[in-house]
Amino acid sequence: IFTSKYLLIDNLANNEINYEDKYFKNREIKSLLCLPLINNKVIRGYLYLENKFVNSVFTKEKLRLIEIIASQLATSLNMALLYQNIEQSEEKYRTLVDNLKDGVYIIQNEKIIYVNKALLNMLGRKKEEILATHFSDLVAPKYKEIVLKNYHKRLQQKVVDNEYEIELLHKTGEKIPVILSSGLIN
């Protein structure tokens, strides 16, 4: 039974609830405490503690401390779930972008930190050849100045065309005409 209240049994042998379960009998449990792990009014799990040596081991003082610990556990569980959701979202996004037919790359501090398969194929390069290089190294000389100027304007929050035609350089030196579409990721 899922409940938001704790269950505290000081003396399992003398309790009015019938605990004929083999687990309780075989372990000779004297007292037990089961606390819900609640975060934002949602039960995230339960903290189950048992003692087979002493009856009434969970005093009011200990119970208050255990409730604080349970609260922290619930928060930690919630954070772990949030991080797991973020990782799953990132993986889905990465899979989507990796499989696009359009070339995609991400720049940070003027260096390429991500590139998808389509752009690698378009440029005849391997990921290791592109990552951590200056993004303008992929741009044909004729377009470097405008690309760098627009990049810096965009960083300064100035109005810049989001799409314009340029040429990128294939590994062989061949110029590849593309429509560059760019924006800031916050």
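At a threshold of 4.5 Å between non-hydrogen side-chain atoms, the residues Thr59 and Leu63 do not count as touching. A 4.5 Å side-chain heavy-atom check between Val54 and Lys30 finds every atom pair outside the cut-off. At a threshold of 4.5 Å between non-hydrogen side-chain atoms, the residues Tyr6 and Pro36 count as touching. Annotation: side chain of Leu123 is not in contact with side chain of Val115 (no heavy-atom distance under 4.5 Å). For the pair Leu32 and Leu49, the minimum side-chain heavy-atom distance is 4.5 Å or more. The side-chain heavy atoms of Val57 and Lys62, taken from C-beta on, include a pair separated by under 4.5 Å. The side-chain heavy atoms of Ile176 and Glu167, taken from C-beta on, include no pair separated by under 4.5 Å. With contacts defined as side-chain heavy-atom distances shorter than 4.5 Å, the pair Leu138/Ile130 qualifies.
Here the closest non-hydrogen pair linking Ile66 and Phe58 is CD1-CD2, 3.9 Å. What you find for Arg154 and Val160 is that their closest heavy atoms are NH2-CG1, 3.5 Å. Residues Arg125 and His170 approach most closely at NH2-O, 3.8 Å, considering heavy atoms. The two residues Ile179 and Glu163 come nearest to each other via the heavy atoms CG2-OE1, 4.0 Å. Nearest heavy atom pair, residue Leu100 against residue Ala118, reads O-CB, 3.4 Å. Ala70 and Leu35 make their closest contact through CB-CD1, 4.2 Å (heavy atoms, listed as atom of the first residue, atom of the second, distance).
With hydrogens and angles disregarded, a donor-acceptor distance shorter than 3.5 Å links the side chain of Glu129 to the backbone of Lys126. In this structure, Ser31 contributes its side chain and Lys52 its backbone to no donor-acceptor pair below 3.5 Å. The backbone N or O of Asp102 sits less than 3.5 Å from a side-chain atom of Asn116, completing a donor-acceptor pair. A donor-acceptor pair under 3.5 Å is absent between the side-chain atoms of Ser71 and the main chain of Glu67, judged by distance alone. Under the 3.5 Å distance criterion, the side-chain polar atoms of Asn99 are matched with a main-chain donor or acceptor of Thr95.
Only one option out of Ile146, Val178, Leu180, Leu168 pairs with Val139 in a side chain to side chain contact (heavy atoms under 4.5 Å, CB included); it is Leu168. With His134 as reference, Leu148 is the one residue of Ile107, Asn109, Leu148, Ile112 to meet the side chain to side chain contact (heavy atoms under 4.5 Å, CB included) rule.
There is a side-chain donor-acceptor pair under 3.5 Å between Glu50 and Tyr48. Between the side chains of Tyr114 and Asp98, at least one donor N or O lies within less than 3.5 Å of an accepting N or O.
If you chain together hydrophobic residues whose side chains sit under 4.5 Å apart, Tyr151 and Ile113 never meet in one group. Both Leu47 and Leu65 are assigned to one and the same hydrophobic cluster, defined by single-linkage of ILVMFWY side chains at heavy-atom distances under 4.5 Å. Cluster membership check: Tyr164 shares its hydrophobic cluster with Leu184, using side-chain heavy-atom separations under 4.5 Å among Ile, Leu, Val, Met, Phe, Trp and Tyr. Val42 and Leu81 fall into different hydrophobic clusters, where Ile, Leu, Val, Met, Phe, Trp and Tyr residues are linked whenever their side-chain heavy atoms come under 4.5 Å apart, directly or through other members. Tyr143 and Leu169 are not part of a single hydrophobic cluster, where members link through side-chain heavy atoms under 4.5 Å apart.
Rounding to the nearest 0.5 Å gives a distance of 12.5 Å between CG of Leu77 and CD1 of Ile38. Ser89 contributes atom OG, which lies 10.5 Å from atom CD of Gln84 (distance to the nearest 0.5 angstrom).
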| request: Report the C-alpha separation of Phe135 and Lys111 in whole Å, then their side-chain angles, then the decisive distance to 0.1 Å, and conclude whether the side-chain contact (heavy atoms from CB on, under 4.5 Å) test is met. | output: CA-CA 6 Å; Phe135 75 93; Lys111 304 287 184 193; over 6 Å; no

| message | Set out, in order, the CA-CA distance, both residues' side-chain angles and the distance that settles side-chain contact (heavy atoms from CB on, under 4.5 Å) for Val104 and Leu119, then state yes or no. | response | CA-CA 6 Å; Val104 175; Leu119 188 63; over 6 Å; no

| task | Check the pair Asn78 / Asn40 against side-chain contact (heavy atoms from CB on, under 4.5 Å), numbers first and verdict last. | result | CA-CA 9 Å; Asn78 191 51; Asn40 295 328; 4.1 Å; yes

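Within 6.0 Å of the CD atom in Glu165, the count of heavy atoms belonging to other residues, nucleotides or ligands does not exceed 12.
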